[in-house]
Structures are given as C-alpha cells and as structure tokens.
Amino acid sequence: MQGETYYSVRMRASQNGSHEEGGKHISGGERLSTFGGLKDAVNALLDKGLSHSRGKPDFMQIQFEYVDDPIRAIHPLQIETNDANSAEDGKALATELLQQAGVPGDVIEKAFRRIDEFSEVRGAVLFDVRSGKRVDERKEKGVRVSRLDWPDADFREWAAKRGVPLNSRMKEALAVATKVCGHPAVIAELCWSDDPDYITGYVAGKKLGYQRITKMKEYGDESGCRVFFVDGSADLNDCISYLEKKPLFIQAGGEPWNCH
Ligand code: PML
Ligand code: MG
C-alpha cells in the first residue's frame, strides 16, 4: 500500500430528492481506491445504493477525490457476538456494555431518551460523557466517518481464521468502529442499522472491542442510530476532522487500534 496514490470514493443515495432537500436516506458507502481500482469501487458503490432494503433511490451522488495524506493500516477491534432475545434485552445489554466502556449510567439514559431524534440524523451524533449533551453541532447532517476501507482479501482471510461469516455490513461497521475508537476522545460507540431487514447492532470501545448484539430492534423498523460517546473536554474539532478526513485502512496485520 505504501507509495501508492489513493482516492477516497464516497456514495450517498436518497429518495424523494437529495438529502439536503429533505429526501429519505437510502444508502451510503466509502472506499479507498487506487486509480486503477476506481471503476470497480464506483461500480460496487453504485450496486450498493441501487439494491437497498430501504427503497429505490431517485438521487445518488458518487464522487472521488485524491487523498493527499499518508495512509496507515490499523488492526480491527476484537469482535464478539452477544445474543439478545428481544430488542429490550439488546438495549439492556448495550447499556451494560457502554457502562463497562466507561460511559456513566445517567449519560446512557439521556442518550437513549433522545434516540428517536438521533435516528433522524444522517451521520453520527457526538454525545459528551461529562455533560450528557450532544456536542457536534451538526444538526440533521451529523458526522460522517469517511476515508476508510478494509481491503476485501484481507477481510476474507481475517474472517476465515475466526470462522466469521463474510458479512459485508459487519465488515463495514467493524471498519467504522475501529476508526472511531482509534481517536483518544472517543469512549465508546453505539450503533444499529436503519435497514428494516437488519436488526443486529453493536457497542464498541477501545478495550471492550466490537461487541455485536443480535437484536436491537424489530424487523421492519427503519430507525437506526450511531452515537459516539466522547470526552467533551478533549479537542472535538480534532476528533471530527480525524473521523471525516484522516484516511485509514483496516488490516489484520496492521498496527494496534490505539495508534492515532
Ligand atoms: C449498518 O448497517 O448501518 C450498521 C450495521 C451494524 C451491525 C453490523 C454487524 O456487526 O452485524
Ligand atoms: Mg443503513
């Protein structure tokens, strides 16, 4: 990877107009590609956006741009799967795991109380573990974790070694969580999908790893969320700029995750 020139490729798709016009979010995706791989990366993102359980898009934007920054490769977080019998159990388990990661109980409660509001946000919400308040000031846009990729061959090898299924959603979510937890201001992440046919979610933290929870909502429910619990006394502009701009590969043979 070293010495190569890379491009960040991004896709977003919506229905009933663009996101800015109030359209419904359908799908988004991220790749880091060499120049020679751009056609495949664009096609893969096009396919992703066109065949989505949230519906048929009538707006899609795919763009690529040169990445003028060296790209590090970091090791994915440790992964574990926790079974939940109901969405209620799943949320209780998520609360326990967030506490284990260092988020105070009252702050978790405050975040869960606003979860319907947060599910309307397109990107992630930054939630301060000190004040129990949302601190990203990005309104309905939120923060989009960008410029990351996990090369498929490496993911397949990693998954085969662990007997983990080749699940592209898990791959993408684990890549996001690994990048997110790599910033020192981030204490933990809570996420579940906005796709009606996908009910598994997760809590992730630096020491906790990537803890999948098999049921966070009911099938058919189109509300998801992505909340980053952060230390509000840290430099949050640095954190947001890292999440959006710092290019990163996930790689089984990469550096440990805490290398920001
Ligand atoms: C998403 O689809 O946007 C998030 C999926 C989160 C869970 C992925 C998994 O580990 O199965
Ligand atoms: Mg989705």
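Both backbone and side-chain heavy atoms feed into the values below; hydrogens, waters and symmetry mates do not. Nothing here was measured: the structure is a model prediction, and the numbers come from that model. Numbering of ligands and ligand atoms starts at 1, following listing order.
- Here the side chain of D154 pairs a donor or acceptor atom with the backbone of A252 at under 3.5 angstrom.
- For the pair D221 (side chain) and S223 (backbone), a donor-acceptor distance under 3.5 Å is present.
- Shown here are the protein N/O/S atoms lying under 2.8 Å from the Mg ion (ligand 2), water excluded: D194 OD1, D195 OD1.
- The pair K24-E222 meets the salt-bridge criterion, with a side-chain N (NZ, NE, NH1 or NH2) lying under 4.0 Å from an Asp/Glu carboxylate O.
- Judged purely by atom type and a 3.5 angstrom limit, N82 has no side-chain atom pairing as donor or acceptor with the backbone of I213.
- The atoms of ligand 1 that sit less than 4.0 Å from any heavy atom of Y202 are 6 (C), 7 (C).
- At a heavy-atom distance under 4.0 Å, only side-chain atoms of R212, from C-beta outward, approach ligand 1.
- Here the rule is side-chain hydrogen bond (donor to acceptor under 3.5 Å, both in side chains) with S146, and of K179, E30, K245, K246 only E30 fits it.
- Counting protein heavy atoms only, atom 7 (C) of ligand 1 is closest to T200 O, 3.5 Å.
- Ligand 1 has a nitrogen or oxygen under 3.5 angstrom from a nitrogen or oxygen of S193.
- With a heavy-atom cut-off of 4.0 Å, W192 does not touch ligand 1 at all.
- Residue Y198 has at least one N or O atom closer than 3.5 Å to an N or O atom of ligand 1.
- In terms of N/O distances under 3.5 Å, ligand 1 is approached by Y210.
- In the displayed structure, Y7 atom OH is contacted under 6.0 Å by more than 12 heavy atoms of other residues, nucleotides or ligands.
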Is there a salt bridge (charged side-chain N to carboxylate O under 4.0 Å, His left out) between R130 and D231 once you walk through the steps? CA-CA 7 Å; R130 292 171 181 263; D231 175 355; 2.6 Å; yes
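- Here Y198 is tied to no hydrophobic group at all, with no ILVMFWY side chain closer than 4.5 Å.
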Residues W192, Y202; criterion side-chain contact (heavy atoms from CB on, under 4.5 Å); working and verdict: CA-CA 6 Å; W192 65 89; Y202 66 88; over 6 Å; no
